[in-house]
Amino acid sequence: MIKVTFYDTKPWFQVFFEKHPSRSEIDWHFVDTRLNADTAVLAKGSEAVCLFVNDQGNAQTFETFRELGVKLIVLRSAGFNNIDLEAARRLQLRVVRVPAYSPNAVAEHTLALFLTLNRKIHRAYNRVREFNFQLNGLVGHNVAGKTVAVIGAGKIGRIVAQIFKGFEAEVLAYDPYPDQAWADANGIKFVDFNEALTTADIISLHVPLTPESRHLLNKYTLPRIKKGAFIINTSRGELIETAALLEAIRQGQLGGVALDVYEEEEGVFFEDLSERGLADDDLARLLTFPNVLITSHQAFLTHEALTQIVHITTENLIRWSKGQEFLQGTELA
Ligand code: NAI
């Protein structure tokens with residue numbers, strides 16, 4: 001039986017892992033803290049660790065893992081911007097991830113956020129519950145005929161683009177590696193980043209976080225966006241420079257901002273801070289604007305996506321314990 005320390009445990013994740021048939025082959029050691037320099041020692045006695053998006057997979061934590069005899073890191077996420085792959089290779093730690101568990105889950109949440117914000121469902125919901133049936137301040141926009149720019153036309157971005165086509169929007173896409181055949185087949189036009197920024201009414205980010213994409217929307221690029229445009233980010237918080245975003249909202253430049261991720265989400269998202277309050281002034285300020293809608297990194301959170309994450313993660317662990325190859329396309333280091 002392989003022992004695995006599972007960091008940043010939350011009940012909705014634990015239950016999916018515990019009910020999986022692999023429970024007889026994997027001895028899960030669930031800990032509710034995130035991985036950092038202080039908590040790396042909790043992996044003592046485990047051959048593998050299971051990490052999520054806000055765990056700190058850096059040289060320091062990996063060195064502790066190496067000393068403790070940990071050999072494998074399984075990421076139960078697609079994004080791996082929090083993992084120092086160079087350090088993992090140097091310390092001979094192998095790393096696998098779940099490259100695609102349900103791009104539809106993320107794409108559908110992207111649309112849910114946008115439609116809620118645009119048609120002000122979040123405000124209407126609260127109003128009606130208080131028996132206020134007025135419509136003042138609830139005017140939205142048709143999506144049909146608007147221009148949508150999908151930044152990053154990979155697995156998720158393409159589905160978002162296709163859904164927006166179903167709304168009869170004109171869809172533009174920007175990607176350094178454009179797939180022209182896909183664009184032609186779906187009536188989508190690839191443009192450069194500047195054209196996407198300056199012409200779109202709705203901009204949706206589906207880009208991995210890398211040194212090049214960090215602060216893609218910043219104090220120089222945000223002012224180029226069309227006045228009244230909507231920004232949606234369900235990728236990674238650091239794609240947007242929060243201070244510049246706040247300034248653009250204050251100036252009244254943006255029609256709406258829908259975020260499932262936030263630059264400083266670690267330690268805030270996935271936690272219940274209702275008793276403590278928010279120490280992050282920028283996030284608190286963002287939440288004061290009626291045209292900002294935030295969810296707590298939940299775009300992946302569907303039954304189907306969780307089932308797939310558990311399946312790929314446990315399959316890789318079992319294969320590794322038997323000396324077999326990892327599932328194709330899952331290995332990072
Ligand atoms: P993918 O790898 O299939 O597609 C990413 C696309 O972005 C690629 O086509 C790539 O060429 C393009 N790209 C890379 N750098 C770019 C840049 N600077 N500008 C424009 N395009 C660029 O990835 P997938 O599966 O579509 O996921 C995208 C991101 O969504 C992930 O990296 C992850 O950060 C995020 N994500 C968020 C989740 C959530 O729950 N909120 C869940 C899963 C993923």
Side-chain angles (χ1 to χ4, degrees), residues 8 10 12-13 51-55 57 75-83 85 97-114 148-163 171-183 186 188 190-197 200 203-218 220-221 231-241 258-263 265-266 268-270 293-309 312-313 329-330 332:
D8 201 8
K10 295 287 178 279
W12 43 265
F13 236 143
L51 306 184
F52 201 43
V53 291
N54 289 323
D55 288 311
L75 308 178
R76 53 184 191 279
S77 62
F80 54 91
N81 50 279
N82 54 327
I83 304 298
L85 292 178
R97 65 166 176 151
V98 187
Y101 39 88
S102 178
N104 296 78
V106 183
E108 289 170 16
H109 189 77
T110 303
L111 266 291
L113 273 178
F114 167 70
V148 177
V150 170
I151 312 295
K155 291 181 284 297
I156 297 168
R158 287 177 202 207
I159 298 172
V160 169
Q162 288 162 214
I163 298 175
V171 182
L172 310 176
Y174 165 68
D175 195 298
Y177 304 98
D179 179 346
Q180 198 55 51
W182 164 80
N186 290 283
I188 288 154
F190 273 110
V191 294
D192 64 29
F193 184 53
N194 195 51
E195 187 176 343
L197 281 191
I203 296 171
S204 196
L205 304 181
H206 302 287
V207 175
L209 176 63
T210 61
E212 296 75 43
S213 67
R214 186 173 179 273
H215 288 180
L216 195 63
L217 298 185
N218 56 38
Y220 305 108
T221 52
I231 293 174
I232 318 164
N233 185 9
T234 58
S235 283
R236 284 294 178 268
E238 284 168 84
L239 295 178
I240 303 182
E241 184 185 9
L259 306 175
D260 185 53
V261 286
Y262 169 63
E263 197 170 9
E265 69 179 52
E266 189 197 334
V268 178
F269 283 14
F270 309 137
L293 182 62
I294 300 180
T295 50
S296 172
H297 207 137
Q298 71 172 76
F300 69 98
L301 200 64
T302 66
H303 188 93
E304 293 77 4
L306 289 172
T307 303
Q308 188 65 0
I309 290 173
I312 293 173
T313 304
T330 60
L332 292 170

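FYI, side chains are in, hydrogens and waters are out, and symmetry mates aren't considered; it's all heavy atoms of this structure. In this text the structure is predicted, and so the values were computed from the model without any measurement. Ligands are counted one by one from 1 in listed order, and the atoms in each one are counted from 1 as well.
With ring centers used as reference points, F190 lies 6.0 Å or more from Y177.
Counting the atoms of ligand 1 from 1 in the order shown, those under 4.0 Å from a heavy atom of Y177 are 11 (O). The contact set between ligand 1 and F300, taken as ligand atoms under 4.0 Å from a residue heavy atom, comprises 40 (O). Annotation for ligand 1: atoms under 4.0 Å from non-hydrogen atoms of A299 are 39 (C), 40 (O), 41 (N). Under a 4.0 Å criterion applied to the non-hydrogen atoms of H297, ligand 1 contributes the atoms 39 (C), 40 (O), 41 (N). For ligand 1, the atoms sitting less than 4.0 Å from at least one non-hydrogen atom of A153 are 9 (O), numbered in the order shown with element in parentheses. For ligand 1 and P176, the ligand atoms under 4.0 Å from any heavy atom of the residue are 13 (N), 16 (C), 19 (N), 20 (C), 21 (N), 22 (C).
If you check which protein heavy atom lies closest to atom 25 (O) of ligand 1, you get K155 CE, 3.5 Å. In terms of protein heavy-atom proximity, atom 7 (O) of ligand 1 is closest to P208 CD, 3.4 Å. Protein heavy atom in closest approach to atom 36 (N) of ligand 1: R236 NH1, 3.8 Å. Given atom 44 (C) of ligand 1, the protein heavy atom at minimum distance is I156 CD1, 3.7 Å. Atom 4 (O) of ligand 1 has G154 CA, 3.2 Å as its closest protein atom, hydrogens excluded (heavy atom only). For atom 38 (C) of ligand 1, the nearest non-hydrogen atom of the protein is T234 O, 3.8 Å. Nearest non-hydrogen protein atom to atom 29 (C) of ligand 1 is S235 OG, 3.8 Å. Atom 16 (C) of ligand 1 has as its closest protein heavy atom V207 CG1, 3.4 Å.
In summary, the side chains of W12 and Q298 do not present any donor paired with an acceptor at a separation below 3.5 Å, with no hydrogens or angles considered.
Within the 4.5 Å cutoff, the side chain of V150 has heavy atoms near those of the V171 side chain. Taking 4.5 Å as the limit, every side-chain heavy atom of I151 sits out of range of all side-chain heavy atoms of L239. A 4.5 Å side-chain heavy-atom check between T307 and Y101 finds every atom pair outside the cut-off. N218 places none of its side-chain heavy atoms less than 4.5 Å from the side chain of L216. Proximity of L259 to I240: side-chain heavy atoms (C-beta onward) are separated by under 4.5 Å at one or more points.
Take E265 and apply the salt bridge (charged side-chain N to carboxylate O under 4.0 Å, His left out) test, not counting sequence neighbours, and it matches no residue.
Taking each of T295, V106, V160, D175 in turn, the one with a heavy atom nearest to atom 6 (C) of ligand 1 proves to be D175. The closest non-hydrogen atom to atom 43 (C) of ligand 1, taken over F193, Y174, Y101, comes from Y101.
Among D260, T210, N81, N82, the single residue meeting the side-chain hydrogen bond (donor to acceptor under 3.5 Å, both in side chains) criterion with R236 is N81.
Not a single heavy atom of L209 lies less than 4.0 angstrom from ligand 1.
Taking only nitrogen or oxygen atoms, main chain and side chain alike, D260 reaches within less than 3.5 Å of ligand 1. Residue contacts with ligand 1: N81 is placed with no nitrogen or oxygen under 3.5 Å of a nitrogen or oxygen of the ligand (distance criterion only).
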Compile the donor-acceptor pairs under 3.5 Å between side chains in residues 103-112 and protein atoms, sequence neighbours left out, one pair per line.
unit_1, atom_1, unit_2, atom_2, d
H109, NE2, T295, OG1, 3.0
T110, OG1, V106, O, 2.7
T110, OG1, T234, OG1, 3.1

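Residue contacts with ligand 1, taken as heavy atom pairs separated by less than 4.0 Å, involve H206 solely via the backbone atoms N, CA, C and O.
Between the CG atom of L217 and the CG atom of L205 there is a distance of 5.0 Å, given to the nearest 0.5 Å.
Nearest heavy atoms, I156 versus H206: CG2-ND1, 3.5 Å.
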